[in-house]
There are 2 protein chains.
Amino acid sequence: MIDFSQLDKVIHEKGRLAIMSLLAARPEWRFQDLKTELSMSDGNLVTHLRTLHKAGYVSLTKEHDGRPQTSYALTDRGREAFLGYVAVLESIVLKHKPS
Amino acid sequence: MIDFSQLDKVIHEKGRLAIMSLLAARPEWRFQDLKTELSMSDGNLVTHLRTLHKAGYVSLTKEHDGRPQTSYALTDRGREAFLGYVAVLESIVLKHKPS
DNA sequence: TACGTAACTTTGCGCCACAAAGCTTCACCG
DNA sequence: CGGTGAAGCTTTGTGGCGCAAAGTTACGTA
């Protein structure tokens, strides 16, 4: 049986799942690029990133080259949690995918 | 890119995802069995099932052999929606699964 | 000095998951 | 018959959360 209680509640939300997927695919993302890519309001995006940060899943670095510029990245714990989440997805897919 | 907006909001919730997974794996489930399997309060379970029913994803048949007894099953539309959902999961898995 | 932009924070709204408790219908038992 | 218990469902209440819009702060530029 699949253990759905293992589905990390922090990751199992469309917006944050999309963020985690982007962060997992590239080592670093600037806030503006995330915002553009996700078509998300800045307030909403910041809130999701804060939730992920509080969970220890993402780190942030603030710079001031000209305009202020904040970059986000997955922590080791974040990557681990994401891979664990993906593993649950995989078990669902394997069970139900036709063919 | 993965289109997260395609993640069906009705299915993308732990409880209902678990229900859909069970219904997809066996043609018919009695209410009591679902409740036992999912360790969910009956009120909560009924609410989720109603949501799925309103979406046209599950059908229900009421019988009265001895005790009242309601059975639930996936509709064609429900199966289609679930497979579509699983397809999105698969794209996530394929993109991020190590190896 | 006025303006614009990045990155937040605050506020407010509406929805929803969840549990607990109540209701209704029926079968069984004295 | 009247009581008991179980199945299924509704109601009520609470807390949390996604989301947008507007306000805030800091800084760099015209």
Side-chain angles (χ1 to χ4, degrees), chain A residues 3-23 28-73 81 85 88, chain B residues 3-23 28-73 81 85 88:
Chain A
D3 187 6
F4 290 91
S5 66
Q6 273 193 336
L7 273 182
D8 190 323
K9 210 187 160 209
V10 173
I11 302 179
H12 192 65
E13 194 277 333
K14 269 162 106 164
R16 287 192 295 272
L17 177 54
I19 294 173
M20 291 293 282
S21 176
L22 291 179
L23 292 181
E28 214 179 44
W29 284 80
R30 279 172 303 177
F31 183 82
Q32 283 304 312
D33 295 338
L34 283 177
K35 189 183 164 188
T36 303
E37 187 71 28
L38 297 168
S39 307
M40 210 178 275
S41 73
D42 56 351
N44 193 16
L45 178 54
V46 162
T47 303
H48 280 316
L49 286 169
R50 194 189 325 162
T51 300
L52 293 170
H53 179 65
K54 277 186 190 167
Y57 291 174
V58 312
S59 62
L60 54 94
T61 29
K62 306 202 180 205
E63 292 175 51
H64 263 287
D65 311 340
R67 299 273 167 280
Q69 185 171 301
T70 310
S71 289
Y72 294 85
Y85 180 87
V88 179
Chain B
D3 188 6
F4 290 92
S5 67
Q6 274 194 336
L7 274 182
D8 191 323
K9 207 185 163 214
V10 173
I11 303 179
H12 191 67
E13 194 278 331
K14 269 162 103 166
R16 287 193 294 272
L17 176 55
I19 293 173
M20 292 293 282
S21 177
L22 291 179
L23 292 181
E28 213 179 46
W29 284 80
R30 282 171 302 176
F31 183 82
Q32 283 304 314
D33 295 337
L34 282 177
K35 189 183 163 187
T36 302
E37 187 71 27
L38 297 167
S39 307
M40 212 178 272
S41 73
D42 57 350
N44 193 16
L45 178 54
V46 162
T47 304
H48 280 315
L49 286 169
R50 192 190 320 152
T51 300
L52 292 170
H53 179 64
K54 278 186 189 165
Y57 292 173
V58 311
S59 62
L60 53 95
T61 29
K62 307 199 181 208
E63 293 174 50
H64 263 286
D65 311 340
R67 300 272 167 281
Q69 186 171 299
T70 310
S71 288
Y72 295 85
Y85 179 88
V88 180

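Within every chain, numbering begins at 1; the chains are lettered A, B, ... in the order of the sequence lines, protein sequences first and strands thereafter.
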Side-chain polar contacts of residues 34-45 of chain A - donor-acceptor pairs under 3.5 angstrom, sequence neighbours left out - could you list them?
residue, atom, partner, partner atom, Å
A/Thr36, OG1, A/Gln32, O, 2.9
A/Ser41, OG, A/Asn44, N, 3.3
A/Asn44, OD1, A/His48, NE2, 3.4

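Between the C1' atom of C/dA7 and the CG atom of A/Leu38 lies a distance of 16 Å, rounded to the nearest Å. Note: NE2 (A/His12) to P (C/dA17) measures 11 Å, nearest angstrom. Straight-line distance from the NZ atom of B/Lys54 to the C1' atom of C/dC15: 13 Å, rounded to whole Å.
Between the side chain of B/Arg16 and the backbone N or O of B/Val10, at least one donor-acceptor pair lies under 3.5 Å.
Distance CD/B/Gln69 to OG1/B/Thr61: 9.5 Å, rounded to 0.5 Å.
Take A/Phe31 and apply the ring pair (Phe, Tyr, Trp, His ring centres under 6.0 Å) test, not counting sequence neighbours, and it matches no residue.
Few gaps surround NE2 on B/His12; more than 12 heavy atoms of other groups in view lie less than 6.0 Å from it.
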Nucleotide by nucleotide, 5' to 3', does protein get under 4.0 Å of the base (B), only the sugar-phosphate (S), or neither (-) in nucleotides 7-21 of chain D, counting heavy atoms? SBBB-------SSB-
